[in-house]
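Quick caveat: nothing in here was measured; it's all calculated off a predicted structure. Below, chain A is the first sequence line, B the second, and so on; all start at residue 1.
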Amino acid sequence: MKSKLVLIILGVASPLVALGLWWSVSETSTNSFFPPLSQIMTRFSDLWLFEHFQSDVLVSMGNLFAGFLIGGLLGIVIGFVLAMVPLLRWMCEPTIHFFRGIPPVALIPIVITLIGFGSEMRIANIALAAFFPTLIAAMDGIRGIDGSLKDVCSVYRLTPTERITRVYLPAAGPQIFSGLQVSLQVSFVVMIASEMLGSSQGIGAMTLLAQQSFMSADMWAGILLLGVIGFLVNIGFEAIKSRVLSWHLGSKRLERAA
Amino acid sequence: MSSLLTDSTTISTTRPGSEEPLSTTTTIPRLEVQGLAKSYGSGAAAAHIIGDLTFSISAGEVVCIVGPSGVGKTTLLKCLAGLHPSTGGNIKIDGKEISGPPAEMALVFQDYSRSLMPWLNVRKNLELPLRHLKLRAAELEERCSTALNAVGLAGAEHKYPWQLSGGMQQRVAIARALAYRPEILIMDEPFASVDAQTRFELEDLCLKIREDFGMTILLVTHDIDEAVYLSDRIVAIGSKPARVLEVIDVDLPGPREQIETRALAEFAQLRTRTLSLIRQEQA
């Protein structure tokens, strides 16, 4: 118990120490690419708290979640269909593996030419990027469901809806969630990348603009903000995951302890 | 207390009346398997798993199917449960031929860890097969608590299967079958993956279920002692393809008791007889 507390303190303290070091070492910096941390923090609060919060941060986050949800949900649904209909799977699988091999960022130019520079373009890009990891994980998850669970469904004459929502979906849950986690990371990357291409709004656009105008402190502030957002989004995701998959995590913990 | 007042004529008129429905139900077997055949593939390459299998089980009987391993017992069970279509013959429940999993039947699988839903607690596992029956809340409650009491898991409703020992998990699987209220309970080597002591307890639980719920139980096992201990009749199966070698009546006195019954001379005789049948088949 005591050692656990020590570990938690260490986990919190060591990044703070690193920040402190950065602060003190950079304080006297005259290098225009590496401005003092104090200056970055001032710009951080000027820029993001809360002048551009609504116009840029909220816009970026909104795009991220919309794209992630659309891509993730489509991935789960289509993954289900493909896993259940072997004929369709044989038809689509090679194509899927071709498209998922293309780095999602490379698709941005095509989407721009198709639907322009608006928010729709960014959401479409994020959704496209989020789609493939979840699709493939959901397909694998459902195909990997134990035959005896399916037998149980048949013997007890579960309806098709019950099978899908109460057995197949939870059984594939652990894999779907690892797919979603990858999707979320890719979504984040694509969110920034899509804002860096021909957009005037969003954290990515602001950060790139700062870099192009030699405002290093503003650029660093943007990068810091991205780090904070990524960190918080991941914590949120983990919290949801540990709630939904508590049975899975619990049984794994017990397995390890045995 | 009323026996002093009732005269002999009323007794003689009520007795045939009460026996009549009993005799009519026993003439149609609860489960009847006629000329069952199952093969995979076709032509010369076909694998004939089940040859020509015929046996029947009356209501309330406990029947064990024994045979050497690899004989196709699991295939047979899957056919009986309607999970696999048979390629010949038929299976009837109360005289009606089955197609697909029948509503009157529940199956307890060998591998409890893969047949319970790990994301549902014990109570929810029991309720899952009952959802589409649209029972009233009171009946749902009654069925679940009766089933859990019967298997001795009354306090474990909110536990998850993976928090329970193997024997307890198999009890949950049995309780799930009981709450479903089937007429026929089929068990596929249900006690093969638990320790010896738990195995004895679960065997007695099986007999208790028959008494309390009046269920017809068909159990597949490769353990001959278990078959003799539990059965009213044993169906010995031979291999390649599976067929009935002999149906052995087990007239051991009841109620059965792990130590006394197993010490009986008849027990040893039945055991020897069944074992030699299966040994011959393996040789």
Side-chain angles (χ1 to χ4, degrees), chain A residues 76 79-80 83-84 86 137-138 140-180 238-258, chain B residues 74-75 77-85 98 100-122 124-134 158-166 169 172-173 176-182 184-188:
Chain A
I76 294 171
F80 246 90
M84 311 270 271
D140 284 350
I142 289 144
R143 288 180 64 194
I145 292 174
D146 204 304
S148 57
L149 279 188
K150 293 181 182 168
D151 284 348
V152 171
C153 292
S154 304
V155 165
Y156 289 109
R157 297 153 63 100
L158 299 194
T159 63
T161 328
E162 282 176 333
R163 279 176 204 228
I164 289 172
T165 58
R166 301 191 180 270
V167 180
Y168 293 179
L169 197 60
Q175 261 165 299
I176 290 177
F177 261 90
S178 30
L180 282 173
E238 287 291 335
I240 294 170
K241 180 175 148 188
S242 63
R243 261 193 89 91
V244 177
L245 293 184
S246 62
W247 62 271
H248 178 68
L249 301 169
S251 68
K252 282 276 159 294
R253 220 176 295 130
L254 217 65
E255 225 168 70
R256 273 199 303 274
Chain B
T74 300
T75 308
L77 275 200
K78 292 205 164 172
C79 288
L80 289 179
L83 293 171
H84 288 343
I98 68 157
E104 301 89 346
M105 195 184 272
L107 187 63
V108 172
F109 295 82
Q110 176 183 350
D111 195 345
Y112 43 81
S113 64
R114 285 159 57 208
S115 87
L116 295 170
M117 312 294 158
W119 52 89
L120 298 178
N121 65 24
V122 168
K124 294 258 171 65
N125 261 291
L126 261 62
E127 284 177 3
L128 182 64
L130 308 179
R131 294 182 59 87
H132 65 270
L133 302 178
K134 308 245 187 301
H158 301 293
K159 287 240 164 75
Y160 284 87
W162 39 269
Q163 293 172 317
L164 303 171
S165 69
Q169 288 184 44
V172 176
R176 177 174 64 186
L178 291 181
Y180 192 62
R181 299 275 160 95
I184 305 169
L185 180 60
I186 298 192
M187 302 171 119
D188 181 10

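- Under the 3.5 Å distance criterion, the side-chain polar atoms of A:Ser154 are left unmatched by any main-chain donor or acceptor of B:Leu83.
- Taking 4.5 Å as the limit, every side-chain heavy atom of B:Asn125 sits out of range of all side-chain heavy atoms of B:Val122.
- In this structure, chain B has a heavy atom under 4.5 Å from the side chain of A:Asp146, while its backbone stays farther away.
- B:Leu116 touches chain A through its backbone: at least one of N, CA, C or O sits under 4.5 Å from a heavy atom, while the side chain does not.
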**Message:** Applying side-chain contact (heavy atoms from CB on, under 4.5 Å) to B:Asp111 and B:Asp188, what does each step give before you reach the verdict?
**Reply:** CA-CA 9 Å; B:Asp111 195 345; B:Asp188 181 10; over 6 Å; no

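- With a 4.5 angstrom heavy-atom cutoff, B:Lys78 touches chain A only via side-chain atoms.
- Counting heavy atoms from C-beta outward, B:Pro161 and A:Trp247 have side chains that stay 4.5 Å or more apart.
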**Message:** Applying side-chain contact (heavy atoms from CB on, under 4.5 Å) to B:Lys159 and B:Asn121, what does each step give before you reach the verdict?
**Reply:** CA-CA 5 Å; B:Lys159 287 240 164 75; B:Asn121 65 24; over 6 Å; no

**Request:** Apply side-chain contact (heavy atoms from CB on, under 4.5 Å) to the pair A:Leu149 and B:Met117, showing each step before the final yes or no.
**Result:** CA-CA 8 Å; A:Leu149 279 188; B:Met117 312 294 158; 3.8 Å; yes

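- The candidate from A:Ser246, A:Gly173, A:Ser148 with the greatest count of non-hydrogen atom pairs under 4.5 Å with chain B is A:Ser148.
- With a threshold of 4.5 angstrom between heavy atoms, B:Pro102 approaches chain A through N, CA, C or O but not through any side-chain atom.
- A salt bridge links A:Lys252 with A:Glu255: the closest approach of a Lys/Arg side-chain nitrogen to an acidic carboxylate oxygen falls below 4.0 angstrom.
- At a heavy-atom cut-off of under 4.5 Å, chain B is reached by A:Arg166, A:Val167, A:Pro170 from residues 163-170 of chain A, listed in order of number.
- Side-chain contact check for A:His248 versus A:Phe177: every heavy-atom pair is 4.5 Å or farther apart.
- In this structure a side-chain-to-backbone donor-acceptor pair under 3.5 Å is present from B:Trp162 to B:Pro118.
- Heavy atoms closer than 4.5 Å to chain B are found in the side chain of A:Leu254, but not in its backbone.
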